[in-house]
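Reading through the structure tokens given below for one structure.
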Amino acid sequence: MLEDVSLELGEGESLAIMGKSGEGKSTLLHILGTLEPPCEGSLHIKGQDAVNGPLPVLRNQLIGFVFQSFNLLEDYTVIDNILMPARIARQKTSPGSPMHKRSLELLEEVGLLERADFPAKLLSGGEKQRVAIARALLHDPALLLADEPSGNLDVANSEKIHQILLDCCRRKGQTRGRALVVVTHDTHLASLMNRQLVLSKGYLSQKENWPD
């Protein structure tokens, strides 16, 4: 159970949340992403009430999710996976539409433009995670949440994912950047973030010695 958690994150700021398994890191991330409601307290994203507001709309427009298990639709193509948030929002996704153009731009950013029409199930783990990041960025979210984003990847692919996440945090159109929250056991990834916090016994705090 989370206890008296207070957290503020600005545009372009990145935060790593660490802690032992079972401490509630993923629960906290789900609350920040409006996937789980808090028992009490408040949550605001870009000034909008993220507890009592129109959560599906807010989630689709302001929040991007990157999970350890990728969560791609394996039988769909790469570009179909990236466009899924737009289809859920009932936006046009046909070739030439703004969302389709945006998806191609994102694929180029993550280095997978040549894989646009490739079946997702045939991608490597590192490629799947890059597609997942591109999907998370489709609506240019203000907040990007990543749960062990490189936990299933080898060292080389992990480094690529870390750099892409940092680039996404620093650059968001012409604004100052997007906020990034990463839940991880990887001390190297945590060290790349602006801030590092540890969740222990329900409390979120700064510690000099991070857990192994």
Side-chain angles (χ1 to χ4, degrees), residues 1-71 129 132-133 136-137 141-153 155 158-159 161-170 172 176-212:
M1 180 181 293
L2 301 175
E3 301 283 352
D4 194 27
V5 171
S6 179
L7 179 63
E8 185 174 344
L9 202 63
E11 291 181 343
E13 189 175 5
S14 56
L15 168 68
I17 298 176
M18 305 190 72
K20 297 178 180 178
S21 297
E23 292 287 357
K25 300 185 302 299
S26 292
T27 296
L28 176 56
L29 203 70
H30 289 171
I31 290 174
L32 293 176
T34 73
L35 297 175
E36 293 184 31
C39 296
E40 59 182 348
S42 62
L43 173 65
H44 289 85
I45 301 175
K46 295 292 285 185
Q48 298 192 44
D49 186 343
V51 175
N52 302 304
L55 299 188
V57 175
L58 187 149
R59 193 181 303 128
N60 187 270
Q61 295 180 352
L62 296 182
I63 306 171
F65 298 91
V66 180
F67 299 100
Q68 179 178 358
S69 56
F70 319 131
N71 288 0
Q129 193 61 294
I133 292 174
L137 297 175
L143 175 63
L144 186 61
L145 303 174
D147 193 354
E148 295 288 2
S150 54
N152 287 331
L153 306 178
V155 174
S158 293
E159 289 295 336
I161 296 304
H162 297 170
Q163 190 58 55
I164 290 172
L165 288 173
L166 288 171
D167 288 344
C168 292
C169 178
R170 294 165 182 158
K172 178 181 180 292
R176 290 168 53 194
R178 61 173 55 83
L180 169 64
V181 179
V182 176
V183 164
T184 183
H185 286 97
D186 187 336
T187 55
H188 173 64
L189 173 57
S191 71
L192 300 176
M193 303 296 114
N194 298 135
R195 296 161 56 197
Q196 301 83 26
L197 297 176
V198 174
L199 186 62
S200 178
K201 298 180 180 179
Y203 292 93
L204 196 60
S205 62
Q206 292 183 337
K207 287 187 178 180
E208 292 183 2
N209 298 317
W210 300 340
D212 295 328

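In this text the structure is predicted, and so the values were computed from the model without any measurement.
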Ignoring hydrogens and geometry, is there a side-chain-to-backbone donor-acceptor pair from [X] to [Y] under 3.5 Å?
X	Y	value
R178	G12	no
E11	A179	no
Q129	F67	yes
S14	N194	yes
E36	H30	no
K25	G19	yes

So how far is it from [X] [atom1] to [Y] [atom2], rounded to the nearest 0.5 Å?
X	Y	atom1	atom2	value
D147	S26	CG	OG	3.5 Å
I31	C39	CD1	SG	7.0 Å
L58	H44	CG	NE2	10.5 Å
L192	L180	CG	CG	10.5 Å
L204	L2	CG	CG	8.5 Å
L32	I63	CG	CD1	8.5 Å

Stepwise side chain to side chain donor-acceptor pair (under 3.5 Å) check, T184 with D186: CA-CA 5 Å; T184 183; D186 187 336; 5.1 Å; no

side-chain contact (heavy atoms from CB on, under 4.5 Å) assessment of V66 paired with L145: CA-CA 6 Å; V66 180; L145 303 174; over 6 Å; no

Heavy-atom closest pair, residues A50 and T34: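 What the structure gives for the nearest pair is O-CG2, 3.5 Å.
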
Minimum heavy-atom distance G33-R59, with the two atoms named: O-NE, 3.6 Å

Residues Q68, N152; criterion side-chain contact (heavy atoms from CB on, under 4.5 Å); working and verdict: CA-CA 7 Å; Q68 179 178 358; N152 287 331; 3.1 Å; yes

Less than 4.5 Å apart, side chain to side chain, heavy atoms only: is that true for [X] and [Y]?
X	Y	answer
H162	S150	yes
H185	E148	yes
S42	D49	no
L189	S158	no

Result of checking T187, L197, L199 against M18 for side-chain contact (heavy atoms from CB on, under 4.5 Å): T187

Verdict with reasoning, I161 to L153, per side-chain contact (heavy atoms from CB on, under 4.5 Å): CA-CA 9 Å; I161 296 304; L153 306 178; 3.5 Å; yes

Contacts of E13 that satisfy side chain to side chain donor-acceptor pair (under 3.5 Å) - sequence neighbours left out: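 Expected list: R195.
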
Heavy atoms of other groups near E3 CD, more than 12 under 6.0 Å: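 For E3, atom CD is crowded (more than 12 foreign heavy atoms under 6.0 Å).
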
Stepwise side-chain contact (heavy atoms from CB on, under 4.5 Å) test for S200 and K20: CA-CA 7 Å; S200 178; K20 297 178 180 178; over 6 Å; no

